[in-house]
Amino acid sequence: MNKGLSGADIRQAFIDFFTQHGHTFVQSSSLVPGGDQTLLFTNAGMVQFKDVFLGTDKRGYTRAVNSQKCMRVAGKHNDLDDVGRDSIHHTFFEMLGNWSFGDYYKKEAIGWAWELLTERFGLSKEALWTTCFKDEKGEIAPDEEASQSWREQPGIDPAHILYFGRKENFWEMAETGPCGPCSEIHIDRGPEFCDKKDEPGHVCRVNGNCERYLELWNLVFIQYNRLSPTRLDPLPSCHVDTGMGLDRIVSVIQNVDSNYRTDLLMPLMTTVQKITGHSDAQREANLTPYRVIADHGRAASFLIADGVVPANTGRNYVCRMIIRRAARFGSKIGLNEPFLAKVAQTVIEAYSVAYPELKRNQTVILDNITREEERFQRTVQAGIDHLNESLDELKKSGNQVLDGQRAFDLYATLGLPFEITRDIAREQGLEVDEAGFRQAMEDHRLASGAGKAFGAMGGEDVDIYRGVLTDLQSRELLGVNGVTYDPYNAVEVEGPVLALIQDGQPVKQAMAGDSVEVFLPQACFYVESGGQVSDIGTIVSVQEPRWEIHVDEMRKPAAGVIIHVGHVIQGQPRVGDQAIATVDWQRRRDIMRNHTATHLLHAELHAILGDHARQAGSLVAPDRLRFDFNHPEGVTPAQLAAIEAGVNRTILENYRLTTITKSLQQAISEGAMALFGEKYGETVRTIRIGYPEPFSYELCGGTHVAETGDIGLFLITSEGSAAAGVRRIEAVTGRAAYELVQRRFKALDQTARLLAAPADDVPTKVNDLIDDLSAARKQTSAIRQELAGVEFSRQLDNVPQVSGVPVLALALPNADADTLRQMADRFRQRYPSGVVVLGSVVDNKPVLIAAVTEDLIKRGLHAGELIKAAAERIGGSGGGKPTLAQAGGKDPSRLSDALDQVVPFVQRKLKG
Ligand SMILES: [Zn+2]
Ligand SMILES: [Zn+2]
């Protein structure tokens, strides 16, 4: 075995081996899948090639090799539970793959796999086992072609070629669509690696589920198109899709018993060990926390590098959850201060050569992780205390499962993610109702108007659209690529209505007033993407009888399917009618101004704030643009002014935009900015602005103005926080900017007229007015105090006696708290023995002051107790010394009620 190879060497050797065999190296796509609403995260190498297999996307190559970033933490593929408990499961991992799109097939794929493993990597031929497909139902032909190819490999033991059925060796993307048999390579690491020796009934064998036989590599041969549960048609061209987990092959080549002992993950464990100061033995005694921290630290770094920062919902929730979970496991080994950034630093150093986005986003990654740990620390102890109380109650009640709503409350109020709640419950032998938690979270999101908490994860029923597409293709009404999409060169197209869909069913005809979805051979309406909203417009019949559909929205529910979603304004549209579709051009031009301005804003943010200010979200609508970007603090007014001025300067330069389609590789190497969550094919559209050096250079599929001057005017309308570490700017351009200026001018003119001053003098005039007003207020207040004094003096002559003691309870509505205290002093000067309680309303809040002379304290009177009794009536509380006390309250209307308590209170005390 070639034990000297590092993890990075092995990744590179895989890529080099296949590029030597004519494969094109394709960069990993983002962890945020572009254009696929059904996936939370990219979870396999296949995600970025899905459309190629479906035949709706074509690339400039037929052989590809890649190392894909993957996350499996949600949905069907959820490995989170196993992470940390064993040595082979991860949230984040890299998947190595080689791909043939209608090019080579089983013979080459198998031959190269064998050659790479045995010759380049030096694995023992005797230890390798392979599996081929044989249908247990006998409906699909056994894969003799693959097993024959295996038998031809030099040095292979024919007894090591096994057959398995559908579960292990038949791959399907979905219920219908491309599918085919697969062939796996396993390695026997020797009986000492079996971790299930003590399990009754365990048989140590391939697919026997223990760590002795490890699956290394899965070769998928896509040769059928499934049309129904019983019908498979052969595909016109066959494809190869392979996947090999990098951590695992590295653990085998480096001959270590765990992925965590490879040179990919061990340095992360060592970093943790340095922070804890543990010995090796202590580390081994705490393997679970160490593994969780290493795994989650790596995953969080990659997520944040791809723009997924910690927050409350969807992908961002996952990022928050794994950081908090790592922090909690850290506390189990004595790490109670933020530490995970140090682990992330190690990740960045180890992985940046293969994934330069880590280095580029270093500050953002480290800051976000530390801030999230700090946020968690503020509430974690309270959260765990509350949870433990709930768990104790649960045990007392004899129940086993904690209520989902309770788990959600712990998250919403004390920041305890569901997964941590479940960890803690399981440590005590209890469970948590996950469905209930999800439901509570969903209800909360809907109640707060924030949309779905987890996004569309189930996926809608796209089969109907695929069915219509296949039907149109089979009748040659549409080509292999489906509907032609070109929103750039025309705003009007003519063609026949190919299909109409209502309530998920194809119909021949629609009526006036109906909602309807329209298939045309071409679409020039922009389909919402990259933050730019869909176009609206009309579709009208060319011939009599006339009909008209208003298009409200555009959708792309499946590859090759673009539909106009609208409602019939008049007439009865029928399938086959010739029609003209026209984009609302005025609205579209507003959108184009906002989109180009978004690029200028993005570039200006980099220039003024720095390169970390990268796009984290964007909305390009007709009436405004909204731009979210990474930045740890508020943008200052001076920076904001500089940004706005910079964008307007570029507008006035009137640069011509250059739109060029080129290869992704070339665009990236020229420094074009790629955005998160966007799917990029082999060729990309680039937008350059500025001359001679581009001021802005982005990959972008949106629609833009021809020259920056078309934008007119750019005005920022707001700046604020969008999420932790993410700021949001909203702005207007063109017509909306003109309207804003108009509105502001009008308001200014009206104010100037009211002040009878020129518009330019309004600020000084208003300042003068404010000064005058506050002088007048002071004067009024002084007069009020005087009045209060006069009123008090009058009352001071007529103080009633209670059991021979003078007791005064009086409201002085005009006095402030200071005046009340002065008045209380005057009372005590006049009556060396007595009780006084004074009340007033200041800023709409009631206040009370009570004073008791020294001699009465011996007789059981206490100013603090007295005021407490009175303050209850005004919904307040208070206290103080036995001689002097003060209280505030909420309900000013009950002040006299409070004062009425004084005499009875004094009576009771003096009697008692
Ligand atoms: Zn075993
Ligand atoms: Zn753009």
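Heavy-atom basis, side chains included; hydrogens, waters and symmetry copies ignored. In each ligand, atom 1 is the first atom listed, and ligand 1 is the first ligand listed. It should be emphasised that the depicted structure is a prediction, and the values quoted were computed from it without experimental measurement.
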Practice task
State which residues pass salt bridge (charged side-chain N to carboxylate O under 4.0 Å, His left out) with R212; sequence neighbours excluded, sorted by chain then number.
Solution key: D188
Exercise for the section: Kindly say whether K69 contributes a backbone atom to a donor-acceptor pair with the side chain of S28 at under 3.5 angstrom? Expected result: yes
Practice task
Inspect the contact between D590 and R587 and indicate whether a charged nitrogen and a carboxylate oxygen are less than 4.0 angstrom apart.
Solution key: no
Handout entry: cation_pi(R727, F629) dist<6.0 Å, angle<=45
Key = no
Handout entry: Whether over 12 other heavy atoms sit under 6.0 Å from Y488 OH
Key = yes
Problem - Angle in degrees, rounded to 10°, that SG of C700 and NE2 of H599 form at the Zn ion (ligand 2) - result: 110°
Practice task
Would you check if the distance from the ring center of F302 to the ring center of Y355 is below 6.0 Å?
Solution key: yes
Practice task
Examine all N, O or S atoms of H595, backbone included, and report whether one is under 2.8 Å from the Zn ion (ligand 2).
Solution key: yes
Practice task
Please find out if less than 6.0 Å separates the ring center of Y260 from that of H90.
Solution key: yes
Handout entry: Protein N, O or S atoms under 2.8 Å from the Zn ion (ligand 1)
Key = 4
